[in-house]
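Computed from heavy atoms alone, side chains included, the values below leave out hydrogens, waters and symmetry copies.
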Amino acid sequence: MSDANVRIPKEAKDRLAAIAAAEGLSLRAYLARLAETMLTPTERAERAEKARAALKEWNGYAPTPAEQDDLDSELDRRLARVTAR
């Protein structure tokens with residue numbers, strides 16, 4: 001395994017190190033685990049498509065693109081309301 005150097009602000013490094021330490025991990029181990037568990041945009045899109053296909057097969061749910069946009073907007077609105085508290 002080769003190492004890589006990543007330049008980030010000291011505050012970000014310190015925050016990540018604190019999170020890692022709270023989980024009993026080194027910063028290196030925490031970042032490696034994070035990289036293994038995070039999905040790329042392509043992977044997220046693939047999972048979303050699989051979920052849509054499973055819902056359609058299971059119960060016929062197949063929203064149109066416009067309905068999907070409305071649902072996304074509603075979710076964004078609700079998340080904004082919750083995070084504003």
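For Arg47, there are no salt bridge (charged side-chain N to carboxylate O under 4.0 Å, His left out) partners, not counting sequence neighbours. Residues passing the side-chain contact (heavy atoms from CB on, under 4.5 Å) test with Arg15, sequence neighbours excluded: Ile19. Every residue meeting the salt bridge (charged side-chain N to carboxylate O under 4.0 Å, His left out) condition with Asp3, not counting sequence neighbours, appears here in chain and number order: Arg28. Residues satisfying the side chain to side chain donor-acceptor pair (under 3.5 Å) test with Lys50, not counting sequence neighbours, are none. Asp14 pairs by the side chain to side chain donor-acceptor pair (under 3.5 Å) definition with Lys10, not counting sequence neighbours. Applying the salt bridge (charged side-chain N to carboxylate O under 4.0 Å, His left out) rule to Glu74 yields the partners Arg77, Arg78; only residues at least two apart in sequence or on another chain are considered. Shown here are the side chain to side chain donor-acceptor pair (under 3.5 Å) partners of Ser73, two or more places apart in sequence or in another chain: there are none. For Ala4, the side-chain contact (heavy atoms from CB on, under 4.5 Å) criterion is met by no residue, not counting sequence neighbours. Applying the side chain to side chain donor-acceptor pair (under 3.5 Å) criterion to Glu43, with sequence neighbours excluded, gives Thr40. Glu36 is linked by a salt bridge (charged side-chain N to carboxylate O under 4.0 Å, His left out) to nothing, counting only residues two or more places apart in sequence or in another chain. Listed by chain and number, the residues in a side-chain contact (heavy atoms from CB on, under 4.5 Å) with Glu49 are Arg52 (sequence neighbours excluded).
Atoms CE and CZ, on Met38 and Arg44 in that order, are 7.0 Å from each other to the nearest 0.5 Å. From Leu25, atom CG reaches atom CG of Leu31 across 10.0 Å, with rounding to the nearest 0.5 Å.
Among all heavy-atom pairs drawn from Glu67 and Ala62, the shortest one is OE1-O, 4.4 Å. Counting all heavy atoms, side chain and backbone alike, Ala20 lies closest to Ser26 at CB-O, 3.7 Å.
Other members of the cluster containing Trp58 are Leu55, Tyr61, Leu71, with ILVMFWY side chains joined at under 4.5 Å, either directly or via other members.
Both Leu27 and Ile8 are part of a single hydrophobic cluster, where members link through side-chain heavy atoms under 4.5 Å apart.
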